[in-house]
Amino acid sequence: MNENSSNTMALTSNTSNKRETVCIFGTGDFGRALGHKMIQCGYPVVYGSRSTQISNLIPKDAEVLSHAEAAQKAAIIIIAIQRQHYNFLTTLAEILHGKVVVDISNNLKLNQYPESNAEYLAQLLPGAKVVKAFNTVSAWALQSGTLDASRQVFVCGDDMEAKQMVMNIVRALGLTPLDQGSLLAAQGIENYPLQLFPMWKFPIFLSFGLAVFFFFYCLALNVIYTYIYQKQDFSFFIAISIPNQVCPVMALVLLAVVYLPGVLAAIIQLYRGTKYRRFPDWLDKWMLCRKQLGLIALAFASLHVLFTLVGPIRSFVRWRTSQGIISQALNNKTEPLDNTNAWLSDSYLALGILGFFLFVLLGITSLPSVSNNVNWREFRFVQSKLGYLTLILCTAHTMVYGGKWFLNPLAYKWYLPDIYMLSLVVPCTVLVIKFVLIFPCVDKPLTQIRQGWERTPKYSE
Ligand code: NAP
């Protein structure tokens, strides 16, 4: 044993006495990575393999024996073999009787088999205590030590003691075990690594759809309309001007979409007079992806800030400014400062800056490392109260900016409202409903319902 590992052994044996030997079946990628990590953490490791020849890849301090010999040396056997090769384990059923057998396998497709791999293993080895664990950790992460994103290890099994033994190993490896209950949970745990950003699908599709719609809306009103009726080519608006209209509109609409399901849920609860009936599925799903919607909204808001900041260096903006100066010089007339305009411009900028600041704060508090450090009340205060304040500030920012267009007939090209007016529909709806909901005559019954009161109780006392 080299000096480092003997130091580790000494340290671990001081703190938690001697670690129990662990047996790993299979010397493949995962078996080797897990064995290596276990030896680092002070566990004696013995491999059960089809070949007992020691290769360079196998951790130096591990023993390699036949499956039967290796299994006899440990109380815990980790099966680092693909499910399709499990059949040979039936020949070891007697040796594995009463032992803790850990299934770490994954599949290639969701619900690939009728039963989970762990349940299948339990059927093959009826006398063993099967526990599911480690399948959400990759061999690469174990080996490279980059476990930050995958520190959580889901564990499930029918035998409490066996599960506890596995959870102790998980902890000793510096990972976080999450008890998921009985072996029935194994199918879900096996499906977990196969999911591709499940919570992001709806937010991404919705954002993409809305962004495309708003882009073409702006293109029609600001480029095509001007080309047809004023014979001016503003096609270069596609690069910055139109994205800088789409981004703030998207940020505002998506932020409102984050708070819309909350007010809809309140209306449903008030109408039903109970909180004990499930919301419709679409509303449940919508509520679950509010964080993702909010983060996409923040990304659009940040892009809007960047697009706005480059304004002064744009050739079109510099040309328009110089045209204004030249026209004043030619007419020998200095335009006086328009105080109302100055107020409007400064107010909309100030509202935008404050709104963006709170938007960033909301984004930061949604990060797990931050949200784990605040209690439930603090989290609700930021996400709900500050969230609504952000929505109010951003809505006011848009209103002050685009407000002057509401009564201007020129704003209605092809009888269509300007994009800023369009963007206010959802936020204003949410704010109006929320305003009604905070009235004491509405808020009181709603609070009672949320505390368990029912208008027509299902079970009378
Ligand atoms: P692998 O590299 O293909 O290794 C599997 C090992 O199984 C082989 O090295 C071999 O070990 C043994 N084996 C192969 N055919 C066998 C047979 N017919 N009978 C008995 N043993 C046989 O696979 P892996 O990547 O290590 O994955 C092992 C398990 O861990 C899989 O169930 C996988 O889903 C799971 N897993 C892997 C990862 C990962 O990142 N790789 C992550 C999570 C979970 P011997 O030559 O020593 O017998």
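Order of listing sets the numbers, starting from 1, for every ligand and every atom in it. From a predicted model like this one, the values you see are computed outputs, not experimental measurements. Worth knowing before you read on, the calculation uses all heavy atoms, side chains too, and leaves out hydrogens, waters and symmetry mates.
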Write out all pairs satisfying ring-ring contact (aromatic ring centres under 6.0 Å, His included) with one or both partners inside residues 245-284, taking only residues at least two apart or from two chains. Y259-Y388
Go through the side-chain N and O atoms of S105 and Y86 and say whether any donor and acceptor fall under 3.5 Å apart. yes
Can you tell me how the ring of Y420 sits relative to the ring of Y401, calling it parallel under 30°, perpendicular over 60° and tilted otherwise? perpendicular
Go through the steps for F316 and F237 under the test ring pair (Phe, Tyr, Trp, His ring centres under 6.0 Å), then give the verdict. CA-CA 10 Å; F316 172 67; F237 274 8; 5.5 Å; yes
Would you say the rings of H67 and F88 are close, in the sense that their centroids are separated by under 6.0 Å? yes
Please tell me whether R171 and T176 have a donor and an acceptor in their side chains that are separated by less than 3.5 angstrom. no
Close N/O pairs between ligand 1 and protein, under 3.5 Å:
residue  : atom   : partner : partner atom : Å
ligand 1 : 2 (O)  : D29     : N            : 3.1
ligand 1 : 9 (O)  : G28     : N            : 3.0
ligand 1 : 11 (O) : T27     : N            : 3.2
ligand 1 : 15 (N) : R50     : NH1          : 3.4
ligand 1 : 18 (N) : H85     : ND1          : 3.3
ligand 1 : 23 (O) : Q82     : NE2          : 3.2
ligand 1 : 26 (O) : D29     : N            : 3.1
ligand 1 : 26 (O) : F30     : N            : 2.7
ligand 1 : 32 (O) : I81     : O            : 3.1
ligand 1 : 34 (O) : N106    : N            : 2.8
ligand 1 : 40 (O) : A139    : N            : 2.8
ligand 1 : 46 (O) : R50     : NH2          : 3.1
ligand 1 : 47 (O) : T27     : N            : 2.9
ligand 1 : 47 (O) : T27     : OG1          : 2.5
ligand 1 : 47 (O) : S49     : OG           : 2.6
ligand 1 : 48 (O) : R50     : N            : 3.1
ligand 1 : 48 (O) : R50     : NE           : 3.0

